[in-house]
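See below for the structure under consideration.
In the text below, chain A, chain B and the rest are named by the order of the sequence lines, each starting its count at 1.
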2 protein chains.
Amino acid sequence: MTRAAPYDRDLALDRAMQLFWSQGYHATSLKDIEAALDMRPGSIYAAFKSKDGLFRLALARYYRRMMEVFDDRLAAAESPLEALADWLRFHVEIRLDDPAPPACMLAKTSLELADIDGEAGAEARAYLREVAERFAAVFALARARGELPDSADPERLARLLQAKIMGLTVFLQREADPQALRQLADDLADEVLALRHPGKAA
Amino acid sequence: MTRAAPYDRDLALDRAMQLFWSQGYHATSLKDIEAALDMRPGSIYAAFKSKDGLFRLALARYYRRMMEVFDDRLAAAESPLEALADWLRFHVEIRLDDPAPPACMLAKTSLELADIDGEAGAEARAYLREVAERFAAVFALARARGELPDSADPERLARLLQAKIMGLTVFLQREADPQALRQLADDLADEVLALRHPGKAA
DNA sequence: GGCAAGATTGAGCGATCACTCAATTGTGGT
DNA sequence: ACCACAATTGAGTGATCGCTCAATCTTGCC
């Protein structure tokens with residue numbers, strides 16, 4: 001190397017993720033990006049190829065971060081089903097801890113870039129499918145452990161859970177009252193826990 | 001009158017609604033609008049004031065249309081609770097009938113225009129609150145008719161239902177398989193119907 | 001038929017968009 | 001100390017953005 005990059009690529013990607021997450025793709029201009037990353041256009045394009053390229057890196061980072069946190073909480077949970085219920089409540093808590101980050105970036109992107117062609121939107125939807133597959137695997141684990149009846153369909157339950165999570169995060173955008181949000185998350189989480197074998201304690 | 005407007009304002013607003021609904025606010029340019037409405041810039045601004053003004057008219061129209069359809073289906077339903085469950089399934093059917101319209105425009109707008117200031121986003125969130133109030137009134141009606149236990153909290157159930165509907169419509173964007181979508185809507189609808197008094201037939 | 005009023009027209013406004021590249025700067029190797 | 005090279009810089013690219021307004025056209029009325 002003849003000249004070290006003065007910027008921290010990891011930090012820059014974090015800031016880009018935060019920016020795109022809160023503003024969306026179209027509402028974020030290169031001027032915004034220059035200011036947030038403290039980089040000039042030339043450097044941005046040398047490092048990330050294009051606005052679209054930077055966005056997709058930010059999206060991938062968001063996906064990976066979310067999955068890491070989920071895996072951590074799953075490992076710490078009392079049972080698979082508890083982890084899934086906890087995941088619903090967790091979305092409300094991060095929103096209340098830090099008012100900045102709004103609804104799920106994958107859901108936002110899937111809606112904003114709804115065009116069938118268009119790489120970024122398709123990627124967001126692909127990530128959402130991977131999340132659903134992860135949920136399905138955890139439901140399958142819960143079934144194998146006897147936490148769910150044998151008749152339970154993991155894929156089906158995963159879709160149901162994902163729809164609830166996305167609905168919750170959209171709801172986070174229009175409602176700010178902590179009590180209402182926690183109550184909603186609890187109600188949704190209770191529906192997940194109600195799938196348990198009757199009379200079976202986890 | 002000295003010269004009749006050659007365009008049909010109602011038709012133009014319909015087309016604008018359809019356009020903004022599918023593309024969102026930022027991704028829709030005036031060129032798109034000119035083409036969709038078959039109007040020139042001057043006429044558009046004379047009739048609708050601005051792009052923002054047109055969008056808000058389209059949003060209001062969307063809200064009114066949705067509520068009209070909801071009221072119609074409520075009037076035709078066997079019971080209030082059945083109407084709310086039916087409303088979930090209905091979202092899937094309109095999506096399958098006509099592949100063009102994607103997720104709920106109010107939810108999309110609430111996410112895309114998430115900025116606290118900004119009239120259009122705030123209006124979308126206000127409409128969502130009105131929808132929730134409508135749901136709450138129907139839940140209250142169901143309770144009054146003995147379809148729900150006296151302990152049921154209409155506002156709370158309304159938030160729960162709205163979150164599920166929004167989650168379902170976001171899900172419509174990433175999944176196309178009719179069977180999976182119908183199953184998901186049925187699962188969500190069944191959760192609503194399960195609120196009924198045990199052993200009480202509506 | 002001619003006129004006044006209302007509505008449409010579309011070229012073009014300044015601003016901003018995403019993006020480029022010749023010039024400059026900083027660094028490690030010798 | 002100096003050089004070769006990687007990386008940054010930022011003025012400036014053409015395109016497109018939302019929008020305006022003087023000119024034009026169409027209608028109803030007399």
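Distance, A/D32 CG to C/dT16 C1': 12 Å, rounded to whole Å. When rounded to the nearest whole Å, the span between CG of B/D8 and P of C/dA7 equals 15 Å. For A/H26 and C/dC17, the NE2 to P distance is 13 Å, given to the nearest whole Å. The distance between atom CG of B/D38 and atom C1' of C/dT9, rounded to the nearest whole Å, is 12 Å. At whole-Å resolution of the value, OH in B/Y45 and C1' in C/dG12 are 14 Å apart. In this structure, CD1 of A/I44 is placed 11 Å from C1' of D/dT8, rounded to the nearest angstrom. Atom CG in B/L19 sits roughly 11 Å away from atom P in D/dG18 (whole-Å rounding). B/L30 has its CG atom 16 Å from the P atom of C/dT16, to the nearest Å.
When the nearest nucleotides of DNA chain C are assigned to B/P41 and A/G42 by heavy-atom distance, the more 5′-ward of the two goes with B/P41.
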Criterion side chain to side chain contact (heavy atoms under 4.5 Å, CB included) on B/Q162 and B/L106, from CA distance to verdict: CA-CA 12 Å; B/Q162 187 169 51; B/L106 300 179; over 6 Å; no

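Taking the side chain of B/R40 as heavy atoms from C-beta on, and the options C/dC17, D/dG10, C/dG10, the nearest nucleotide is C/dG10. The A/K51 side chain lies nearest to C/dA18 when the options are C/dA18, D/dT20, D/dT8. Listed nucleotides D/dC19, C/dA18, C/dT20 differ in distance to A/S29; the shortest reach to its side chain belongs to C/dA18.
With no hydrogens or angles considered, no side-chain donor-acceptor pair links A/E123 and A/Y63 at under 3.5 Å. A donor-acceptor contact closer than 3.5 angstrom links the side chains of A/S79 and A/E147.
Between B/W87 and B/L161 the shortest side-chain heavy-atom distance does not fall below 4.5 Å.
In terms of phosphate contacts, B/S43 brings a side-chain nitrogen or oxygen within less than 4.0 Å of OP1 or OP2 of C/dT9.
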